[in-house]
Amino acid sequence: MSSYQAFYRRSIDAPEAFWAEQARLIDWHQPPTTILDRSRLPFTNWFGGGTTNLCHNAIDRHLPQRQNAPAVIAVSTETGTERTYTYGELHREVQQMASMLRSLGVGRGDRVLIYMPMIAPAVFAMLACARLGAIHSVVFGGFASASLASRIDDAQPKVIVSADAGSRGGKVLAYKPLLDEAIRLATHKPSAVLLADRGLAPMDLVPGRDHRMDELAPAHAQAEVPCEWMDAADVSYTLYTSGTTGRPKGVQRDVGGYAVALAASMRHIFQASPGETYFCTSDIGWVVGHCYIVYGPLIAGMATIVYEGLPTQGLDGQPDGAIWWRLVEKYKVNVMFSAPTAVRVLKKQDPALLRQHDVSSLRALFLAGEPLDEPTARWISDGLGVPIIDNYWQTESGWPILTVAHGVEKQATKFGSPGVPMYGFKVKLVHEATGEDLTTPGEKGVVVIESPTPPGFMQTVWRDDERFINTYWRSIPGIEVYSTFDWGIRDADGYFYILGRTDDVINVAGHRLGTREIEEAISAHPAVAEVAVVGVADALKGQVAVAFVVPRAGVGDEAAALRLEGEVMKTVADNLGALARPARVHSVAALPKTRSGKLLRRALQAVCERRDPGDLTTIDDPTSLQAIQRLIG
Ligand code: ATP
Ligand code: MG
């Protein structure tokens, strides 16, 4: 048995002993007495009797060794600013923020909604909540008022932390009017709003409710705010899923299990060491940002880069397709984490940009969020000369379900596969209708997880245990397993391949095809930067595949679009057979995506079928869908 296999087996066969060991990676105020409580499965309760604090583990415990070492490196190519906070400075900033929040009435168990751009105070606010034992609920900065209002009503925050504005590609988006409108629409009213003023947009303050950080701050500058010792099972935060497949679900996470899961993942998956630098290009509005911009790197004693801006613009506001690699060189980044969707943006540029900077400090580039097609993986891996590590997970899981654990053993990676089940995750493939175990290599099934789920996994749906059980644990007939709602297959070596979401399957004349397979074939065409395939109702065949491609060179004239359509159709027919050939291939400038960078296939499908596109509260750029609506007519 390989050393990872042995490690994995122990996590499954003796979870109590395994996780008791991992629990030593963090500081406890009171060490746990019951490692795993199985009395209410599939609800798990990890590290009962233990008390700890996420902020203590992220900051305070490092102070003796790391007082003057960098902790947060805030870079904004939108405002052309860069600032490094040492652990000592971070400690001060977070106490100041915690003191401000406390003066506004925030304490243990209270909710704080954070609606902020990617700036350092957003990170301070999250850590300040953790320090006070308050529950944060981060909403992507700039979300529309109605989406924000529904989250305000669900989380019922005592305080909302926000800012005057965010900025993207040099375009300022004022947050305050969106926030005011959201509070007006919401039934629940926060008692206070705390606002960072970046000087980007004017703010009208509501007297008695709204407070400017710069006015409150001086009185709290020297405040000492001790960490609240929380029970391991207390709630650290709630966070919505991306809403790719429908109404977002409010995921609730604990304190102790989460801290241990992150500390363990930093060591076993990311091979992180204190003093190194981590650069995650995600957003704090997404689970990846919570875990690997904020808590994970800091728990590991690393410096973390908090980045505001596009991947294609420099600090001087001029186009710079190499900005990320410039930062890797400058800050000697050791571990980087991004998303396939970001790499596809870079793919539209000259690959020489990948070679302009010294990226020799970089051990690996981790990618998650969407299937990583082989051509994209090869493009970035060859261009950068750095190993690419795909990892598959969900808001619900809290950390990677499938990947490779190079901190345990240098496992091989395979293009197209995120890897093998991570320790603690009992991953299976089952038949969607019968629940039968599928163990033959190459058999396609639903990816499910058996209980007990590991530390860091969602506790429940916020205030809705029933929805947790009914949504996730009752979808496969006859068995109680957690469904990921993703299709997968496993090869003879135990590597998984994710084929797409369970509702992204096309049925052409009785043949079931995964949208991912067709997309993968299309993305091999050199002229294609991005692609989405959806199944569209067809009177004759039941469904047909329709493809939307973003040409690498931009949308040309009609003749160019027709030529590309013909070539793409041929590529698919050659690789997958005529059945999979799309009925139409539309050239478009942009694809509709969620704020976390995921393709909104269900919206595309609805537009093609001339239906209402449904819940679009998490869409990033509505004009992309509107343009497609006009194209389809
Ligand atoms: P919702 O559940 O509201 O529809 P969502 O599933 O997009 O939204 P997230 O939790 O942000 O919300 O995304 C998790 C999903 O992203 C996974 O279930 C999977 O479909 C996809 N995913 C994430 N990482 C990978 C990966 N490495 N390879 C393939 N798919 C991935
Ligand atoms: Mg999901």
Side-chain angles (χ1 to χ4, degrees), residues 111-118 122 136-157 160-163 165-166 168 171 173-190 237-252 282-290 339 341 369-370 394-396 458 461-464 467 471 485 501 503-504 532 534 590-607 609 611-629:
R111 269 84 57 210
V112 174
L113 189 141
I114 298 174
Y115 182 69
M116 295 276 272
M118 285 294 298
H136 59 65
S137 187
V138 180
V139 177
F140 271 113
F143 256 9
S145 299
S147 337
L148 180 55
S150 71
R151 285 153 177 74
I152 292 173
D153 277 333
D154 196 57
Q156 311 218 324
I160 297 180
V161 185
S162 188
R168 266 183 112 194
K171 256 177 59 193
L173 177 63
Y175 286 3
K176 186 61 175 31
L178 294 171
L179 174 61
D180 286 340
E181 175 63 7
I183 296 175
R184 197 186 64 76
L185 291 172
T187 313
H188 171 86
K189 308 292 177 194
Y237 66 77
T238 66
L239 179 66
Y240 285 92
T241 59
S242 296
T244 310
T245 52
R247 190 161 66 93
K249 302 165 279 269
V251 166
Q252 174 184 317
S282 181
D283 189 293
I284 51 161
W286 193 31
V287 67
V288 173
H290 281 59
T341 178
E370 282 249 280
Q394 308 184 303
T395 312
E396 294 88 341
M458 73 187 292
V461 171
W462 172 245
R463 287 211 176 113
D464 202 344
R467 190 170 176 210
T471 304
F485 298 104
R501 297 166 187 266
D503 52 4
D504 280 345
V534 294
L591 296 169
K593 290 185 190 155
T594 64
R595 269 299 287 278
S596 54
K598 293 164 196 291
L599 277 174
L600 277 164
R601 289 191 195 78
R602 68 180 162 83
L604 279 177
Q605 182 184 44
V607 166
E609 294 180 346
R611 288 183 285 110
D612 171 22
D615 187 312
L616 289 177
T617 52
T618 64
I619 195 167
D620 184 19
D621 172 13
T623 62
S624 57
L625 193 64
Q626 287 154 9
I628 289 169
Q629 248 156 344

With sequence neighbours left out, the residues meeting side chain to side chain donor-acceptor pair (under 3.5 Å) with Ser162 are none

Looking just at side-chain N and O atoms, do Lys593 and Thr341 make a donor-acceptor pair shorter than 3.5 Å?
-> yes

For the residue pair Tyr115 and Tyr175, is the inter-centroid distance of their aromatic rings smaller than 6.0 Å?
-> yes

Do the ring planes of Tyr237 and His136 sit parallel (below 30°), tilted (30 to 60°) or perpendicular (above 60°)?
-> parallel

Identify the two heavy atoms, one from Arg602 and one from Gly614, that lie closest to each other, and give their separation to 0.1 Å.
-> NH1-C, 4.4 Å

Is a salt bridge present between Lys176 and Asp180, judged by a nitrogen-to-oxygen distance below 4.0 Å?
-> yes

Minimal heavy-atom distance between Ala149 and Ala186, with the atoms involved, is O-CB, 3.9 Å

Ile284 and Ala122: which non-hydrogen atoms are nearest, and at how many Å?
-> CD1-CB, 3.5 Å

What is the distance from atom OG of Ser282 to atom CE of Met118, rounded to the nearest 0.5 Å?
-> 7.0 Å

What is the minimum heavy-atom distance between Gly243 and Thr618, and which atoms define it?
-> O-OG1, 3.9 Å

Check step by step if side chain to side chain contact (heavy atoms under 4.5 Å, CB included) holds for Leu148 and Leu178.
-> CA-CA 8 Å; Leu148 180 55; Leu178 294 171; 5.5 Å; no

Pairing of Asp621 and Arg168 as salt bridge, 4.0 angstrom limit = no

Nearest-0.5 Å distance that lies between atom NZ in Lys249 and atom OG1 in Thr395 | 8.5 Å

Heavy-atom pair of closest approach, residues Leu173 and Gly142 = CD2-CA, 3.7 Å

Does the side chain of Gln605 come within less than 4.5 Å of Arg611's, by heavy atoms?
-> yes

Taking all atoms of both residues into account, what is the closest heavy-atom pair of Trp462 and Asp154, and its distance?
-> NE1-O, 3.0 Å

Is the backbone of Thr617 close enough, under 3.5 Å, to the side chain of Ser147 for a donor and an acceptor to pair up by distance?
-> yes

Distance col, row Asp620:CG vs Leu591:CG, nearest 0.5 angstrom, shows 12.0 Å

Side-chain (Lys598) to main-chain (Gly369) donor-acceptor, under 3.5 angstrom = yes

Worked verdict on Ile183 versus Ile160 for side chain to side chain contact (heavy atoms under 4.5 Å, CB included) = CA-CA 10 Å; Ile183 296 175; Ile160 297 180; 4.2 Å; yes

Would you give the length of the straight line joining atom CD of Gln156 to atom NZ of Lys189, rounded to the nearest 0.5 angstrom?
-> 12.0 Å

Assess whether side chain to side chain contact (heavy atoms under 4.5 Å, CB included) is satisfied between Leu185 and Ser145, documenting all intermediate values.
-> CA-CA 8 Å; Leu185 291 172; Ser145 299; 4.2 Å; yes

Decide side chain to side chain contact (heavy atoms under 4.5 Å, CB included) for Arg111 and His188; before the verdict, give the C-alpha distance in whole Å, the side-chain angles of both, and the deciding distance to 0.1 Å.
-> CA-CA 12 Å; Arg111 269 84 57 210; His188 171 86; over 6 Å; no

Here the gap from Leu179 atom CG to Arg184 atom CZ, rounded to the nearest 0.5 Å, amounts to 13.0 Å

Pair Thr594, Ser242: side-chain N/O donor-acceptor within cut-off below 3.5 Å | no

Hey, which of Thr241, Val461, Thr471 is the one that makes side-chain contact (heavy atoms from CB on, under 4.5 Å) with Glu396?
-> Thr241

Would you give the length of the straight line joining atom CD1 of Ile152 to atom CG of Leu113, rounded to the nearest 0.5 angstrom?
-> 6.0 Å

Geometric cation-pi criterion, Arg151 with Tyr240: 6.0 Å, 45° | yes

